Amino acid sequence: MNCKGVIRELSSYIDGDLDLAMKQELEKHLGHCEDCTMIVDQTKKTVEILCDSEPVALPSDVHTRLHEALRRRMKEKPN
Amino acid sequence: MTSTDEKGTRFGGPTTLSTPNPHRVPSSVAGADEHLLVAAAKAGDTAAFEELVNRYERKIFRLTMNITGNREDAEDAMQDAFLKSYTHLQSFQGDSRFYTWLVRIAANEALMRLRKRRPNQFSLDEPIEGEDDMMPREIEDWGPSPEQRYAQTEMQEILNEVIEKLEPNFRTVFILRDVAELSTEETAQALGISVPAVKSRLLRARLSLRQKLDRYFRKGELN
């Protein structure tokens, strides 16, 4: 596998979706390619940071309007 | 109705993802008692439905905010998503998680507003996407924990900025797949595009986000 192949399979690799043969081929390339190793590590890190960031608190005015609208709907149409 | 936190720890820990993602911990989004709250809400317990809203409102607002990039649209989309999920709760069969169902409704509401506001910037078409421009250039070391060089609020601003700058077609797939934790198939279904298109856009989104974070994370860069 060459560098282009690593990039093509990058998402599947970090999601653990590659079959064993392909995974071994990719990791063999990583064993001698410093650039691809950094790209893989940095892309993993990118996904981790963005996925694990907690959503900020809902602004209180937005929360209030949402619950007011909901209660109005509940009165109009009880389940 | 007894409430639990978002981690669902009261009932024995978080649920697992429908698609395994070994690069991060399993999903903690859907608490283990979610189905009990849904059943109670279906039986007319409005407090149970409000508990579901309390549980997911921040995540849904982040989703609609990330897709629309506009606070007014994001609030409208979130509100309509919760109202629709309440109105149509009886038709929810429970063959997926309530959270997944809610995300799909919210994504549709957000996408509708995005298309209305920026009709030329978002399309469901699937252009042939070549690989030539995907190869990152000028790769430099980030060091072990680059995010720790920034205070939490500063880091949050950086993350919001890089997501906002992502091209809408890629951003939406990334948000649904990686942030809202839908599976590839669920993302494809929600957007009305093929599974290969989801995979291709997700790869491009991830590479592009890596590139955008690179300027903040390069080892030795001044903060």
Side-chain angles (χ1 to χ4, degrees), chain A residues 1-18 23 26-27 29-30 33-79, chain B residues 19-25 41-46 49-50 53-54 57-63 65 71 74-75 78-79 82-83 86-87 89-90 131-132 134-136 139-142 145-147 155-156 159 162-163 174 178-179 181 184 199-200 202-203 206-207 209-210 212-214 217:
Chain A
M1 185 179 288
N2 57 18
C3 297
K4 268 192 177 179
V6 172
I7 299 302
R8 192 171 49 239
E9 302 300 337
L10 177 60
S11 259
S12 301
Y13 178 65
I14 65 177
D15 287 343
D17 289 341
L18 279 189
K23 181 173 176 274
L26 190 146
E27 286 175 348
H29 178 90
L30 295 184
C33 182
E34 204 180 323
D35 279 357
C36 281
T37 302
M38 274 200 279
I39 293 167
V40 169
D41 289 346
Q42 291 173 1
T43 308
K44 266 189 199 172
K45 187 78 181 171
T46 297
V47 175
E48 276 171 17
I49 291 173
L50 285 159
C51 294
D52 294 343
S53 66
E54 274 297 302
V56 291
L58 196 66
S60 60
D61 58 324
V62 176
H63 172 86
T64 304
R65 283 194 292 272
L66 170 64
H67 285 262
E68 281 171 358
L70 195 61
R71 283 179 194 139
R72 277 197 303 274
R73 178 64 57 91
M74 285 167 168
K75 270 189 186 166
E76 286 163 21
K77 186 196 167 299
N79 249 321
Chain B
T19 301
N21 262 2
H23 62 272
R24 59 194 158 108
V25 294
K42 274 183 154 185
D45 183 346
T46 54
F49 191 81
E50 285 208 52
V53 176
N54 286 330
E57 61 186 11
R58 288 192 310 154
K59 288 177 189 296
I60 296 299
F61 188 60
R62 174 169 69 173
L63 173 87
M65 192 67 205
R71 184 175 152 151
E75 184 179 343
M78 174 187 68
Q79 197 171 104
F82 279 117
L83 293 179
Y86 176 76
T87 305
L89 191 60
Q90 298 301 339
E131 292 171 9
D132 292 344
M134 287 205 296
M135 197 68 206
I139 303 135
E140 282 195 30
D141 194 5
W142 284 3
S145 301
E147 72 279 19
M155 194 63 233
Q156 197 56 55
L159 298 182
V162 297
I163 288 183
F174 177 79
D178 276 349
V179 181
E181 302 184 358
T184 303
K199 287 183 176 174
S200 163
L202 182 64
L203 171 61
R206 287 170 167 180
L207 285 170
L209 288 166
R210 189 208 70 85
K212 291 178 199 309
L213 283 178
D214 186 59
F217 286 173

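So that the names make sense, note that chain A is the first sequence line, chain B the second, and so on, each numbered from 1. Computed from a prediction, not measured in an experiment: that's the story for all the values here.
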Least distance between heavy atoms, [X] atom then [Y] atom:
X	Y	result
B:V179	A:L50	CG2-O, 4.3 Å
B:I139	A:M38	CG2-CB, 3.7 Å
B:T87	A:R73	OG1-NH1, 2.7 Å
B:F82	A:L70	O-CD1, 4.4 Å
A:R8	B:L203	O-CD2, 3.7 Å

Legend entry - Any side-chain heavy-atom pair of B:F217 and A:Q42 under 4.5 Å: no
With a 4.5 Å cut-off on heavy-atom pairs, point out which of [options] contacts chain A the most.
options	result
B:K212, B:M65, B:R71	B:R71
B:E147, B:R210, B:K199	B:R210
B:D141, B:V162, B:L63	B:D141

Inset, instruction - Answer with side chain, backbone, both or neither: which region of A:R65 has an atom nearer than 4.5 Å to a non-hydrogen atom of chain B? - result: both
Legend entry - Any side-chain donor near an acceptor of the partner, A:H67 and B:N54, under 3.5 Å: yes
Inset, instruction - Test side chain to side chain contact (heavy atoms under 4.5 Å, CB included) on B:L213 and A:K45 and set out the steps. - result: CA-CA 10 Å; B:L213 283 178; A:K45 187 78 181 171; over 6 Å; no
Interatomic spacing from [atom1] in [X] to [atom2] in [Y] - rounded to 0.5 Å:
X	Y	atom1	atom2	answer
B:L207	A:T46	CG	OG1	9.0 Å
B:M78	A:H63	CE	NE2	9.5 Å
B:I60	A:L66	CD1	CG	10.5 Å
A:E76	B:Y86	CD	OH	10.0 Å

Legend entry - Electrostatic pair A:D15:B:R206 at N-O distance under 4.0 angstrom: yes
Inset, instruction - Check each atom of B:Q79 against the heavy atoms of chain A and say whether the ones under 4.5 Å are side chain, backbone, both or neither. - result: both
Legend entry - Largest heavy-atom contact set with chain B, pairs under 4.5 Å, which of A:A69, A:P59, A:S11: A:S11
